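Computed from a predicted model, the values in this text were never measured in an experiment. Below, read A as the first sequence line, B as the second, and so on, with proteins coming before strands; counting in each chain starts at 1.
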Amino acid sequence: MNFKEYKNLDYAQVADEILKFWQDENVFQKSIETREGNPTFTFYEGPPSANGTPGIHHVMARAIKDIFCRYQTLKGKQVKRKGGWDTHGLPVELQVEKELGITKEDIGKKITVEEYNQKCRETVMKFTDQWNDLTEKMGYWVDLENPYITYENNYIESVWHLLQQLYKKGLLYKGYTIQPYSPAAGTGLSSHELNQPGCYREVKDTSMTAQFKVKHTGKSAFLFDDLQSDAAELFILAWTTTPWTLPSNTALTVGKNIEYALVKTYNPYTFLPVNVILAKDLIGKYFNEKGKDGDFATYKDGDKIIPWTILSTCKGSHLEGIEYEQLMPYVQPESAAFRVIIGDFVTTEDGTGVVHTAPTFGADDFRVAAQNGIPAILVKDESGKEMPLVDRRGRFVAEVTDFALEYVKEAYLTDEEKEVEREKQNRDKYLSVDERISIKLKTENRAFNVQKFDHPYPHCWRTDKPVLYYPLDSWFIRTTAVKDKLIALNNTINWKPESTGTGRFGNWLENLVDWNLSRSRYWGTPLPIWRTENGDEEICIGSVEELVNAVKHALKDDVLSAEQRTKNEAFIAKVESGNHDLHRPYVDEVYMVSASGQLMTRELDLIDVWFDSGAMPFAQWHYPFENQEVFHQSYPADFISEGVDQTRGWFFTLHAISTMVADSVAFKNVVSTGLVLDKNGNKMSKRLGNAIDPFDTLKKYGADPTRWYMITNAQPWDNLKFDLAGITEVRNKFFGTLTNTYNFFALYANLDGYTPTGNIDLSIATELDKWILSKLQTLIKEVDESYETYEPTKAGRAIQDFVCDHLSNWYVRLGRRRFWQGEVTPDKQSAYETLAYCLKTVAQLMSPVAPFYGDWLFRNLTEDTNQSVHLTDFPKAQEAWINLDLETSMDLAQRICSLVHSIRKTNRIKVRQPLSKILIPILSEKTREQIRSVEDLIKTEVNIKAIEYLDDASGVLSKKVKPNFKALGPKFGKEMKAVADGILAMTNEAIAQLEQTDSYLIPDTSYQITKAEVEILTEDLPGYLSAKDNDITVALDITITPELKQEGIARDFVNRIQNLRKDSGFEVTDKISIQLLDTDAEVSEGVREFKDFISQEVQALSLEIVSELSDGQEIEFEELTLVAKIAVV
RNA sequence: GGGCUUGUAGCUCAGGUGGUUAGAGCGCUACACUGAUAAUGUAGAGGUCCGUGGUUCGAGUCCACGCAGGCCCA
């Protein structure tokens, strides 16, 4: 066959051509079809959202996914990969609102929910084309024809089915969580709403440090032991900017590693002696330095300087479990409370390092209390429902007798209301609840410090009034109930890197809270739960069929109004015609009737979009309504990969849903990838203008160099500092070298018309062939194992090293002359077969990472024009071809050559000047044999005539020993230094003795050593120019005899003629004639002497030395200028 | 503030289980080579292995405490 030769290869064009080939020949489909019946390898695609444009980091993420799917395909697995789109959620809603110029407030007013959702549906797939384009151009194989789309009815139906299963298992419940809430507007606020400009404002609040009285129990005994008086009272200090939450306090939270101090002092308001506990670092904020260790005896009430002294200190962890008295006992909790707990959110930035914890009014408080089994303080409203001590309008409930029905924030009162209150209070000025609580506690000796405090506080964007953190209803999944199972199953997952699984994910599971499923939005999967108004009866729907049945059932009753009946009938009609939509508002307009004959309406919440994506193993196949078999074949996934930021996102939701529903992991192997940063390590952003356009990059550099760079530069889980210069480097260094190597092969194979058979015949293989074959087998094993263990970086780097260092720079460079020979000899044949086999194997090994180029290279070497590298089987290493002895020999050869080059260089003797010999001291017979087997290579490479070996018998060898610390260490331990000194002092005779008897006693000591405990090296040879690299020493005989000089001249002459040929534009195959003007006797003599050699090298049919030459060309030759003439014959 | 992670040459990165001289590529300097040439070879300059303490005969490697960057969470 004819091998294509390339000049200035454009890798983007390679990708285009191969892409077209894939499309024309349906290679992707074939790669799946040809594996029909084989074991499957399942990959789950984490769905991207197509409402934004793809970035360069998506190329990275998808390259990782692609690599292992392609690899497993090569290994014979059938790898189906269904694409998918994430279509619900806030980002879509925000984008629509931006485009329409509306806010959430306008939904249902300026625009109907129907219209709004229609717009979301259109917007979310806006950039699908760009995504598909990128997918193709980067060579990512994923099924884009039949992707799963989370907004489709079938998908939603599967999600409902999952939710119903959770419901049936009792894992779905309605509860409350602490959320930002605006009493003035009567609505909860999303975190997004709180992040709008102007929401956080500086306000001046009454802040108070309260004293919580410690009970004397076993847990607190150690503190009481430190007190100097038995009668003294002991308090824990906690600070708050919301004194109105103090009646709801049920716990005090401390940091486990924070150091706390027990301080003896006086209360500044009551002047009573007190002992208080607070963080040691914060003492300076509460106590005047002048009072430190002051005189307690002379202290009088009202003294400005209050004496204080530290009695003891301890870590927060020691305080855990200490009980204290309830501070404001209006309402009692249902179970045991009022004790010290540990929380990770405690700081010593302000306050006392102790956080007053009211589970009803703080998200942290709620969480940490729940984790420690601390109850909240609740009362029952008129309908018997539990509620906190503050009602939905922001007023204390009646049970808080002193402040019953008063607004907890001054800002909620109008001026008129304030005036009424002022009169009630009988004061000059209205005092807020916070202020009066402070006064009350001051008089009770329970306030240690009260002051105004400026801080930013969030406000409602609609009413401008302060927000409260308030318990609001939500639907939850009881993930805490399956925590142990989640952890146990997680331990069976192979995480790359491991730390993400054990650390980030493992810790997250350890500290799990129930999954808040509710979202008060419009565009998303509706919660399929219908409820009676009082919540006594409810139903969770698990399919469209159930929904329709329930609706039909409702129509039988006469509970529904005429309008409700009409809506129900309309819905049924739509389902029957296949026009239905399971989104809002349609499902909201469906009414059911409970068993007891009450109206049931849908809970208006949508579910967290993360549930959508976590449901994909089931919902992508519309399981269990369709595709049962496909589902079972592809569950759980063998492999998934996403960014590490998905740990608590997709990774968790996949894992949680699978665990709860199927009692199984969702994925067996997961690669969590790092971020793609700009070249300076900054996050890429369109705003900063440092974002890299993936399309430009692929177009300019090609997909393969881009992918190769990303994979080999950093491990997938490390952040990648993306630098375009790096792609250039990879392109020139790796792809350039590989292409050159291929071109070299193609050039000569075409000249000879040789087509490799694909059979390696070891009987005609040279040492060099056997060596590269051995190296290649080792490479196959290494690459196979790296891919198998999800280490693409190792695989890529190994391939790169093989191609650049071994194949190109050693095998081809040393073997070049073999290809120049005239006819196809067995030797040449072996060279062709070996090189072609190496290239083809490299193409296979690299194809998962560089799918286009790999295929291109493979196809260039393959006759069958329909064949693709991606349809082949992964190469199997031929263990029998691995020859470690030979690899050691070649390593010696490389090092010896390097040493000789180095000596030549320092003595300015060019490689073209042949030299007579090198001398190599030999310490063992084995080394001699190893070098001998590659002697010819060395001689050719460094242009010397002979290698002489020097052993002990030569008598000129001078040796040196170095201690082998690894061997000596365990034996001598502390005596190491003395032993090492003794070894370094060994004489030649001592070394000889050690070598012969394998034993040596270091003089004047009892240290006996053996050969294995030292390293014996040779010293430089006296009288020769030598160089040394660890255990190898080489000496070079630089005597240039007249014969050698002549040969040097001949070689130089060859070189000049070759240059002339090239400059004259002759073809490699052209035969020439040479005429040389007789200028210098020595040169002429040399040329004459080596006429045959020269003629053969430059393919000259004639070579004459003439005394006259009119139209010759001048050649620089050492200090001379020669004149020669060459012509094609 | 918490969890995880990274820190080695100007840049990008290697450096099983501790072993005394810490490597590679790119870049830089000089020289060489030139029928694979957007290459290649040789030599050179370039290091507080983030810091401090500890364990050890011996620490880039193990331990503790910090510092700086990143991600997630609060």
Spell out protein contact along nucleotides 67-74 of chain B as letters: B when the base is contacted, S when just the sugar-phosphate is, - when no protein heavy atom is under 4.0 Å; keep the 5' to 3' order. ---BBSSS

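Residue A/Tyr811 is out of contact with every strand shown, counting any heavy-atom pair closer than 4.0 Å. No contact: A/Phe745 has no heavy atom under 4.0 Å from any strand. When heavy atoms are screened at a 4.0 angstrom cut-off, A/Ser898 is found touching the sugar-phosphate backbone but no base atom. Looking at heavy-atom distances under 4.0 Å, A/Asn507 makes contact with sugar-phosphate atoms alone, never a base. Among the atoms of the strands shown, none is found under 4.0 Å from any heavy atom of A/Thr500. Within the 4.0 angstrom heavy-atom criterion, only backbone atoms of the sugar-phosphate kind lie near A/Ala714; the bases stay farther away. No contact: A/Asp801 has no heavy atom under 4.0 Å from any strand.
Nucleotides B/C63 and B/C31 are separated by 49 Å at their P atoms, to the nearest Å. Spacing of P atoms, B/G27 relative to B/G66, comes out at 43 Å, to the nearest Å. When the C1' atom is used for both B/G19 and B/A24, the distance is 22 Å, rounded to whole Å. Taking atom C1' in both B/U48 and B/G7, the straight-line distance is 14 Å, to the nearest Å. B/U21 and B/A32 have their P atoms separated by 35 Å, given to the nearest Å. The gap from the P atom of B/G47 to that of B/U40 amounts to 26 Å, rounded to the nearest Å. Taking atom P in both B/A22 and B/G10, one finds a spacing of 16 Å when rounded to whole Å.
Taking atom CH2 of A/Trp717 as the reference point, atom C1' of B/C4 lies 15 Å away to the nearest angstrom. Rounding to whole angstrom units, CG of residue A/Leu807 and C1' of B/A39 are separated by 15 Å. In this entry the distance linking CG of A/Leu968 with P of B/G19 reads 15 Å, nearest Å. The distance between atom CD of A/Gln371 and atom P of B/G2, rounded to the nearest whole Å, is 16 Å. Rounded to whole Å, the distance from CD1 on A/Ile909 to C1' on B/C33 is 16 Å. Between A/Arg797 atom CZ and B/G23 atom P the separation is 18 Å, expressed in whole Å. Summarising the geometry, the separation between CZ on A/Arg813 and C1' on B/G35 is reported as 16 Å, rounded to the nearest angstrom. The CZ-P distance, from A/Phe722 to B/U12, rounds to 14 Å in whole Å.
Residues A/Arg1061 and A/Ile1126 come closest through the heavy atom pair N-CD1, 3.7 Å. Closest of all the heavy-atom pairs between A/Phe652 and A/Trp515 is CE2-CE3, 4.3 Å. In terms of heavy-atom proximity, A/Ile178 sits nearest to A/Phe361 at CG2-C, 4.1 Å.
The side chain of A/Gln715 approaches B/A14 more closely than any other nucleotide in the set B/A14, B/C26, B/U5. Taking the side chain of A/Lys721 as heavy atoms from C-beta on, and the options B/A36, B/C4, B/U12, the nearest nucleotide is B/U12. For A/Asn809, taking side-chain heavy atoms from C-beta onward, the closest of the listed nucleotides B/G35, B/G41, B/A14 is B/G41.
The nucleotide B/U40 finds its pairing partner in B/A32, both defining distances of the Watson-Crick or G-U wobble pair being shorter than 3.5 Å. Across all strands shown, B/A24 forms a Watson-Crick or G-U wobble pair, both distances under 3.5 Å, with B/U12. Searching all strands for a Watson-Crick or G-U wobble partner of B/G1 with both distances below 3.5 Å returns B/C73.
Aromatic ring pairs are classed by plane angle as parallel below 30°, tilted from 30° to 60° and perpendicular above 60°; the pair A/Tyr742 and A/Tyr6 is tilted. Using bins of under 30°, 30° to 60° and over 60° for the plane-to-plane angle, the ring pair A/Phe505/A/His655 lands in the perpendicular bin.
Sorted by first and then second residue, the pairs that involve residues 802-814 of chain A and meet salt bridge (Lys or Arg N to Asp or Glu O under 4.0 Å), not counting sequence neighbours, are A/Arg813-A/Glu941.
Of the options A/Leu807, A/Thr741, A/Val803, A/Leu779, a side chain to side chain contact (heavy atoms under 4.5 Å, CB included) to A/Cys838 is made by A/Leu807 and by none of the others.
For A/Trp708 and A/Tyr701, the ring centers are positioned 6.0 Å apart or more.
Below the 3.5 angstrom threshold, one finds a donor paired with an acceptor across the side chain of A/Ser808 and the base of B/A36. Under 3.5 Å, the side chain of A/Lys910 and the base of B/U42 form no donor-acceptor pair of N or O atoms.
For the OP1/OP2 pair of B/U12 and a distance below 4.0 Å, the side-chain nitrogens and oxygens of A/Asn713 include no atom meeting the criterion. Between A/Lys496 and the phosphate of B/U5, there is no side-chain N or O to OP1/OP2 separation shorter than 4.0 Å.
Nearer to the 5' terminus of RNA chain B, by closest-nucleotide assignment, is the contact made by A/Lys679 (compared with the other of A/His901 and A/Lys679). Projected onto RNA chain B by closest heavy-atom contact, A/Val346 and A/Leu9 fall at different nucleotides, the more 5' of which corresponds to A/Val346.
Note: A/Asp1052 CG to A/Ile1049 CD1 = 8.0 Å, rounded to the nearest 0.5 Å.
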Contacts table for residues 715-732 of chain A: side-chain donor-acceptor under 3.5 angstrom, sequence neighbours left out:
| from | atom 1 | to | atom 2 | distance (Å) |
| --- | --- | --- | --- | --- |
| A/Asn719 | OD1 | A/Leu675 | N | 2.9 |
| A/Asp723 | OD1 | A/Ala725 | N | 3.1 |
| A/Thr728 | OG1 | A/Leu724 | O | 3.4 |

